[in-house]
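Numbering starts at 1 and runs along the sequence shown.
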Amino acid sequence: MKEKLHPFQIAVLIYMIQSGITIFSLPRIAAGAFGTNGWIGVAIISIIPMINILLIALVFHYGKGRSIFEIFEDLIPKFLLRPFFLCLAFLWCILGILVGKNFGLLFKMLYFPELSPTVYLIFTLIFVYFLVSKGLYQIGKTTIIFFFMTIWSVSIMALYVAEFKLARLTPFIFKGEKELFTQGLEILNAFLGYEIIILIFPYILKSRSSIKAMFYGNLFTTFVIYVPICFIAFGVLSFEQLKNETFPVLTLFEYIKFPFIERIESLIFSLFSLKALITVVMFYWAGDQVFRYSIPQIKPKVSIIILIIISFGISYIPRFLLDVGNWLKLIGRVEAIIAMGLPIILLLIIGITTIKRKRNESKNGEVL
């Protein structure tokens with residue numbers, strides 16, 4: 001019997017995929033999108049992934065835990081599905097490698113000027129290969145280890161209680177210049193990644209706890225990580241500082257001094273590379289799943305090598321940090337559409353096939 005993911009692993013997996021490098025710039029993005037007290041806007045945007053996870057949970061429930069491939073095949077011929085999943089495989093793998101490249105370029109720019117982003121990316125992809133080839137359950141166990149190695153760092157924000165001023169929050173909500181659509185989409189991108197759980201149905205225990213875990217993971221990201229960090233940033237930094245600082249959360253960490261360590265922000269940033277690794281691994285795992293469905297003749301370990309080589313080649317097109325950021329924004333928008341559209345399409349297919357089956361059963365009953 002194959003090992004199944006425990007609900008706790010599912011919740012942690014969702015949190016680790018969602019929260020990434022965007023957390024360091026999230027207060028600035030929230031200020032740009034919603035103006036003053038933009039941290040409230042982060043909580044509002046979090047409703048969208050929550051609705052999306054509800055749709056995914058409905059697919060899990062009404063699809064009786066079947067994989068999305070089985071659900072699609074109930075209505076659509078396999079040869080029509082293969083091109084769609086092939087595109088999805090490359091989209092997810094490109095998204096994964098760009099997350100890795102973005103992190104490598106930031107590492108070089110902020111702390112290690114001599115670091116080669118290509119070397120960093122190669123080591124990341126070696127890690128991706130070994131973990132993806134081991135399977136989802138091993139990824140889940142590694143995710144738990146990385147979770148406990150990184151989660152403590154968030155508690156450092158509590159040191160800002162003395163610096164926090166309610167007056168900085170101002171009585172005005174959502175005042176000032178706003179870019180609701182463009183910046184709001186960037187906030188939504190900070191939540192993306194959870195949609196990959198639509199592929200893990202065959203690997204989880206078919207219980208209500210597994211479905212609840214999907215919601216808990218998103219709630220943890222929202223109300224334990226994103227909203228509190230943005231709330232503290234809005235209460236410690238001025239509104240103008242928030243809008244002008246590229247990474248306001250790193251700026252906050254720069255003010256913290258310990259007698260036993262200097263530049264705590266570089267340590268925190270390095271720890272977040274572990275979270276970024278899980279994000280990259282999961283996008284490659286998802287890409288590998290749909291790629292192997294599209295080309296069933298391919299061997300499992302060969303498929304991930306092919307995806308790594310192709311995506312690595314494509315990652316050379318955007319060369320600079322700005323280019324990678326623009327690609328991530330564009331692909332993030334496509335990914336947001338897929339995240340919302342995929343469960344809706346699956347629910348429609350489940351509905352149509354259920355109606356067709358009942359009609360057939362009714363006809364057969366009349367004949368008898």
> State whether the side chain of K108 and the backbone N or O of P113 hold a donor-acceptor pair below 3.5 Å, judged by distance alone.
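Flag set: sc K108 to bb P113 pair under 3.5 Å.
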> Are L105 and V324 close enough that some pair of their side-chain heavy atoms sits under 4.5 Å apart?
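They are in side-chain contact.
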> Quick check against the 3.5 Å criterion: does R28 have a side-chain atom that pairs as donor or acceptor with the backbone of K243?
no
> Between S46 and F191, is there a side-chain heavy-atom distance shorter than 4.5 Å?
yes
> Do F84 and V290 touch side chain to side chain, with heavy atoms closer than 4.5 Å?
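A side-chain contact is absent here, since even the closest heavy-atom pair is not under 4.5 Å.
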> Would you mind telling me which of L199, L136, T143 makes a side-chain contact (heavy atoms from CB on, under 4.5 Å) with M282?
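Only one of L199, L136, T143 forms a side-chain contact (heavy atoms from CB on, under 4.5 Å) with M282, namely L136.
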> How far does CZ of R333 sit from CD1 of I338, to the nearest 0.5 angstrom?
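Going from the CZ atom of R333 to the CD1 atom of I338 covers 14.5 Å.
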> For I317, does its backbone N or O pair with a side-chain atom of D323 as donor and acceptor, under 3.5 Å?
no
> Specify the closest pair of heavy atoms between N52 and P343, including all atoms of both residues, with the distance to one decimal.
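The pair with the smallest heavy-atom distance is ND2-CG, 3.5 Å.
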> Without swapping roles, check the side chain of K212 against the backbone of P7 for a donor-acceptor pair under 3.5 Å.
no
> Would you please indicate if the ring centroids of F85 and F72 are separated by under 6.0 Å?
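Close enough - the centres of the two rings lie under 6.0 Å apart.
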> With no hydrogens and no angle check, do the side chains of Y284 and S311 hold a donor and an acceptor under 3.5 Å apart?
yes
> Centre of F201's six-membered ring, under 6.0 Å away, within 45 degrees of the axis: is that where NZ or CZ of K64 sits?
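Not satisfied by the 6.0 Å and 45° rule.
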> For the OG atom of S303 and the CD1 atom of I295, what is their distance to the nearest 0.5 Å?
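The distance works out to 9.0 Å.
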> Between Y203 and W285, does the ring centroid distance fall short of 6.0 Å?
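Centroid distance Y203-W285: below 6.0 Å, so yes.
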> Would you confirm whether the ring centroid of F269 sits within less than 6.0 angstrom of the ring centroid of F24?
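Yes, ring centres under 6.0 Å apart.
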> Atom CZ of F107 and atom CG of N102: how far apart are they, to the nearest 0.5 Å?
12.5 Å
> Using a distance-only test with no angle check, is there a side-chain donor-acceptor pair under 3.5 angstrom linking Q18 and N218?
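Side-chain D/A pair, Q18 to N218: present.
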> In Å and rounded to the nearest 0.5 Å, what is the NZ to CZ distance from K301 to F130?
8.5 Å
> L271, Y111: one ILVMFWY side-chain cluster at the under-4.5 Å cut-off?
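Same cluster.
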> State, with a plain yes or no, whether a side-chain heavy atom of Q9 is found less than 4.5 Å away from one of Y137.
yes
> Mind checking whether L169 and T36 have side chains closer than 4.5 Å, heavy atoms only?
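Result no, sub-4.5 Å side-chain heavy-atom pair not found.
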> Would you sort out whether I122 and T118 count as a side-chain contact (heavy atoms from CB on, under 4.5 Å), showing the intermediate values?
CA-CA 6 Å; I122 289 171; T118 304; 4.1 Å; yes
> If I compare all heavy atoms of V154 with all of V224, which pair ends up nearest, and what's the gap?
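Result for this residue pair: CG1-O, 4.3 Å.
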> If you define the side chain from C-beta out and look only at heavy atoms, does anything of T22 sit under 4.5 Å from I187?
no
> Check R66 with D74, please: is the shortest side-chain N to carboxylate O separation under 4.0 Å?
yes
> Flag the pair K329 and E186 as a salt bridge only when some basic side-chain nitrogen lies within less than 4.0 angstrom of an acidic carboxylate oxygen.
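Answer for the salt bridge query: yes.
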> Tell me whether the centres of the aromatic rings in Y216 and Y15 are closer together than 6.0 Å.
no
> Under a 3.5 Å cutoff, is there a donor and acceptor pairing between the side chains of Y293 and E73?
yes
> Side-chain heavy atoms nearer than 4.5 Å, only ILVMFWY residues, links allowed to pass through others: does that put Y316 and F103 together?
yes
> Are side-chain heavy atoms of Y62 and L346 found at a separation under 4.5 Å?
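No, their side chains stay 4.5 Å or more apart.
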> Under the 3.5 angstrom rule, does the side chain of E70 hit a backbone N or O of S67 as a donor-acceptor pair?
yes
> Answer yes or no: is there a side-chain heavy-atom contact under 4.5 Å between L13 and I17?
yes
> With the 4.5 Å side-chain cut-off for hydrophobic clustering, are L131 and I126 part of the same group?
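Both belong to a single hydrophobic cluster.
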> Give, for atom CG of N244 and atom OG1 of T251, the distance between the pair rounded to the nearest 0.5 Å.
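The CG atom of N244 sits 11.0 Å away from the OG1 atom of T251.
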